[in-house]
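First comes the structure, then the notes that go with it.
Just so you know, ligand 1 is whichever comes first in the structure, and atom 1 is the first atom listed for that ligand.
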Amino acid sequence: MREEIIYLLKLKDSPDRKALFDLANAVRRDNMGETIFIKGIIEFSNYCKRDCTYCGIRASCKVKRYRMEPDEIVEAAIDAAKHGIDTVILQSGEDPFYTTDIMIDIIKRIKIGAKKPISLSIGERTPEEFKLFKEAGASKCLLKQETVNPRIFKAVHGSDYEIRISLLKTLVSLGYIAGGGDIIGLPDQTPGDIADDIIFMRDNGIKMVGIGPFIPTKNTPLENHPVGSADMTLNAYACTRLAIPNVLMPTTTALGTIDEGLQYKGFEAGCNVIMVNFTPDKYRQVYRIYDNKRKVEFYETVHELLKRGKKLSFSVMKALKEEEMV
Ligand code: 5AD
């Protein structure tokens, strides 16, 4: 299996690659239908206690920091929900300012006010906290492994590899729809490592997968490391769709940052999700996890998807009709 995935990951533009994408597309359609799901992301804090070498909001990066007030977060989530989006994603750096109780309060208020599935993307917390967040109403949780190669993980992430992997497994056993994923193009990473990521996610009950190319970011230790391969990212989408047929898989903003058209190409390679940004404008510029991060706006995205003949969810279409946008 590993050797086959490596072969597919390396495919260049060719009839074989077209066949891979067509197959991934057919598997997506058969297992998940035609709908492209739109998730709304709120980046509520760019404080981070970690120092990941690839990331523009790493602790030692001197960037302007912000924290949204709980009221502002709830308000942004309700605004996103009004647009009919399919899930509210709460994302931040690893910021202990939001204590267990504060997070529980935010989750409960969003659950009541927005009536949408809530996905957490807040880095590592204890298993006990994740259990409480689940009870408060979060049903999904993203904690990308970034790479299952322990040596590379240690080099870029600094934190404990075993804890991260065991947390991801804990999320699955707590009943979360758990999200993993990796960065394509980390230093020393091989196609074999990426194949291992896909196999790991398949074997551990991961149901959401976010895969993006590495984007070099100024004032980070990896600022001169080359950008990750867009071709390999697309191939990884297709392989992931074949390995986990019912996966929820966004075509990522990182891919769209290389080129907007590439992000839409992800839908031809097995992706069925796109994340649009509902972070209030004044904070958004400062949430710079990588340079030139593409702004993915709701209306622009909807327009592009409809132009390409994509089917959107009932709730997005209903909200658009109410606003007389379609
Ligand atoms: N390039 C690509 N992806 C990055 N992320 C953070 N920094 C970068 C970068 N320089 C991704 C990580 C993280 C997600 C929120 O953003 O995978 O999980």
**Item:** Residue of the set Glu43, Glu297, Lys295 for which side-chain hydrogen bond (donor to acceptor under 3.5 Å, both in side chains) holds with Asn277
**Value:** Glu43

**Request:** For residues Phe133 and Tyr176, establish whether the separation of their ring centroids is below 6.0 Å.
**Result:** no

**Message:** Given the ring of Tyr47, does Arg67 sit roughly above its face, with NZ or CZ under 6.0 Å from the centre of the six-membered ring and within 45° of the axis?
**Reply:** yes

**Request:** Taking the six-membered ring of Phe153 (Phe, Tyr or Trp), confirm whether the NZ or CZ of Arg164 is under 6.0 Å from its centre and within 45° of its axis.
**Result:** no

**Asked** Which residue pairs pass the ring pair (Phe, Tyr, Trp, His ring centres under 6.0 Å) test when at least one of the two sits in residues 208-252, sequence neighbours left out?
**Response** Phe214-His225

**Prompt:** Angle class for the Phe44/Tyr98 ring planes (parallel below 30°, perpendicular above 60°, tilted otherwise)?
**Reply:** perpendicular

Could you list, one pair per line, each nitrogen or oxygen of ligand 1 together with any protein nitrogen or oxygen closer than 3.5 Å, giving atom names and the distance rounded to 0.1 Å?
| from | atom 1 | to | atom 2 | distance (Å) |
| --- | --- | --- | --- | --- |
| ligand 1 | 1 (N) | Ile215 | N | 2.9 |
| ligand 1 | 10 (N) | Tyr54 | O | 2.9 |
| ligand 1 | 10 (N) | Ile215 | O | 2.8 |
| ligand 1 | 17 (O) | Lys144 | NZ | 2.9 |
| ligand 1 | 17 (O) | Glu146 | OE1 | 2.6 |
| ligand 1 | 17 (O) | Glu146 | OE2 | 3.3 |
| ligand 1 | 18 (O) | Glu146 | OE2 | 2.7 |

